[in-house]
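All figures in this text were calculated on a predicted structure; none of them were measured in a lab. By convention in this document, chain letters (A, B, ...) are assigned in the order of the sequence lines, proteins followed by strands, and residues within each chain are numbered from 1.
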Number of protein chains: 2
Amino acid sequence: MKKKVHNNLSVDCVIFGFENNQLHVMLTKRELVDPKDPGKIILSDYTLQGQHIYIGENLYDAATRILKEKTGLSNIYLEQFHTFGSADRLLREKDQVWLKATFPDISPQVISVAYFSLVDSSLVKPDKKHPETGWFPINDLPDLGFDHPRIINIALEYLRKKILREPIGFELLPEKFTITQLQNLYDSILGINLDKRNFRKKVSQMKFVIPLDEKQQKVPHKPARVHIFSWDVYKKTKEEKPTISL
Amino acid sequence: MKKKVHNNLSVDCVIFGFENNQLHVMLTKRELVDPKDPGKIILSDYTLQGQHIYIGENLYDAATRILKEKTGLSNIYLEQFHTFGSADRLLREKDQVWLKATFPDISPQVISVAYFSLVDSSLVKPDKKHPETGWFPINDLPDLGFDHPRIINIALEYLRKKILREPIGFELLPEKFTITQLQNLYDSILGINLDKRNFRKKVSQMKFVIPLDEKQQKVPHKPARVHIFSWDVYKKTKEEKPTISL
DNA sequence: TTGCATAGTGTTAAAGTAACACTATGCAAA
DNA sequence: TTTGCATAGTGTTACTTTAACACTATGCAA
């Protein structure tokens, strides 16, 4: 039995990961072969992970479902950040060709609710079911379908703002991480180079970044101490003094 | 000719205004009269300003249209902040009664894209066409329909965060305002009491809050100097040094 | 003329930020 | 075993920002 979908509503997920000291996005290949000549590829580019919403399905559940399907992960950081609904967002020639071939009864205007997700990319196993899905560095994206360049840009802006105020960067790192890894994360997402000593001083004042009695293994240099992030400690210790800074 | 709408998609606007040193929301009365007994009112409460989206209409245009209809204003501050799509958001008994009577062919699940808007309430004229629409203080809201209490709460959270970082509070004040009015605005939205001298010192350092050679008129006490806000100056002078503050 | 209501003004201690360079450690290669 | 290499880890200081605090000034109305 096939579930019924809203044919004018979809969820798109911008899934961020961090590898080689660079922020990456997960993309899926979209390819269309000429029906008359199966050797000929009419269209080949990449898109975000998106699906239509089932009738009766909560938005957040739809996003969770898509994530689970594409990464195998549950319980990961996921947040709605914007909804895209320009009347012309699917009207580019190549997107229309693809939609007509793949989704004949889609609505001419599809509103897409976009979520962004932060994952520890080392936990995402290359999926047999989705071999065409992979990580792409944010600074070197391939050709993208639909309005996905815009969606990614807005997700990135949102991430850059949010990472300054809330401890979400940890979601991109393994459970155990070093302070240098953390700094690399901030440096690369923000496109700046923070001062190493000031950064470490600041982090060591954060009670929710907890040093372990454990060091890196198998590195060809002085091994660094590893830390974990505790959301519980964060919640308990964060202070709520609003400061106006325009 | 009637325009076709997406029957599973709507836009709701949380319109904020500032009066009597209190943040207000604009609400519209929703009333249902018993068809068998026109003297009997079955349902009476309030809702946000919302409408279905026309097919082919951009989301932002739909929000703009609603605002124009309800307030008479254009070119006002308007921003999408969240999309609400729980499967059960319209399923409360009273809402179902109302929907069946008013919108017989509505979809059982309606996704609503919510915008929040900041207006100078002194410019909103009591509208003959919508006499049932008015301002309600955020701390003393009447009975509300649908999931609108939740939508208003999330709008308010969003506003509280945003007003600390971006100069949007001015949108709620008349073009010319005094520093005391501005402080009252912050105090009341944030629910705190900022120090008067520190606040004035901070504001006087903001180049985009420009003092005029003009004083308040017709006040029964020492008249205050009036100021204007310049978005242009703001854009030119704002600095973009990110600071991490978790 | 007085009272009232609100406008407007400065100083100081404390905290936070930014700028800056060297030593320590563990492994690997010679 | 020694040396080099790569990265870890550490403090001080000047400067800036914030927080706490109370009195005088002005314009109108009674």
Exercise. dG8(C) base to Lys196(B) side chain: any donor-acceptor pair below 3.5 Å?
Worked result: yes
Exercise. How would you label the contact of Arg225(A) with the nucleic acid (heavy atoms, under 4.0 Å): base, sugar-phosphate, or nothing?
Worked result: sugar-phosphate
For this session: Assess the pair Tyr115(B) and Phe81(B): is the distance between their ring centroids shorter than 6.0 Å?
Result: no
Problem set entry | Arg200(A) CZ - dA19(C) P separation (whole Å) | 19 Å
Problem set entry | Geometric class of the Phe146(B)/His148(B) ring pair [parallel <30°, tilted 30-60°, perpendicular >60°] | tilted
Exercise. Just how far, in rounded Å, is C1' of dT17(C) from CD of Gln205(A)?
Worked result: 11 Å
Exercise. With nearest nucleotides of DNA chain C determined for Asn198(A) and His221(A) from heavy-atom distances, which residue corresponds to the more 5′ nucleotide?
Worked result: Asn198(A)
Exercise. Is a side-chain donor-acceptor pair under 3.5 Å present for Thr28(B) with Gln49(B)?
Worked result: yes
For this session: Report the nucleotide, chosen from dG26(C), dT18(D), dA20(D), that has the shortest atom-to-atom distance to any side-chain atom of Lys202(B).
Result: dT18(D)
Problem set entry | Closest-nucleotide 5' rank along DNA chain C - winner of Lys222(A) and Asp195(A) | Asp195(A)
Exercise. Using a cut-off of less than 4.0 Å, is there contact between a side-chain N or O of Thr180(B) and OP1 or OP2 of dA7(C)?
Worked result: yes
Exercise. Looking at dT11(C), does its base get a donor-acceptor pair with the side chain of Lys201(B) below 3.5 Å?
Worked result: yes
Seminar exercise, completed: Lys215(B) atom NZ is separated from dT6(C) atom P, nearest whole Å, by 17 Å
Exercise. Starting at CD1 of Ile192(A) and ending at P of dA19(C), how long is that distance when rounded to a whole Å?
Worked result: 11 Å
Exercise. Side chains of Ser245(A) and Arg165(B): do they bring a donor and an acceptor to under 3.5 Å?
Worked result: yes
Exercise. Does any nucleotide pair with dA20(D) by Watson-Crick or G-U wobble geometry, both distances under 3.5 Å, and what is it?
Worked result: dT11(C)
Problem set entry | Output field: ring centroids Phe177(A)/Phe170(A) closer than 6.0 Å | yes
Exercise. For the pair made of NZ in Lys218(A) and P in dA28(C), what is the distance, rounded to whole Å?
Worked result: 12 Å
For this session: Quick one: label Pro220(B) by what it contacts on the DNA or RNA (base, sugar-phosphate, nothing), any heavy atom closer than 4.0 Å.
Result: base
Problem set entry | Protein-nucleotide distance (Phe199(A), atom CZ; dA8(D), atom P), rounded to Å | 12 Å
Exercise. Distance check: side-chain N/O of Arg197(B) vs OP1/OP2 of dT9(C), anything under 4.0 Å?
Worked result: no
For this session: To the nearest Å, give me how far apart CZ (Phe177(A)) and P (dA8(D)) are.
Result: 14 Å
Exercise. Does dG27(D) pair with anything, Watson-Crick or G-U wobble, both distances under 3.5 Å, and if so, with which nucleotide?
Worked result: dC4(C)
Seminar exercise, completed: Rounded to whole Å, the CD-P distance (Gln216(B) to dA5(C)) equals 16 Å
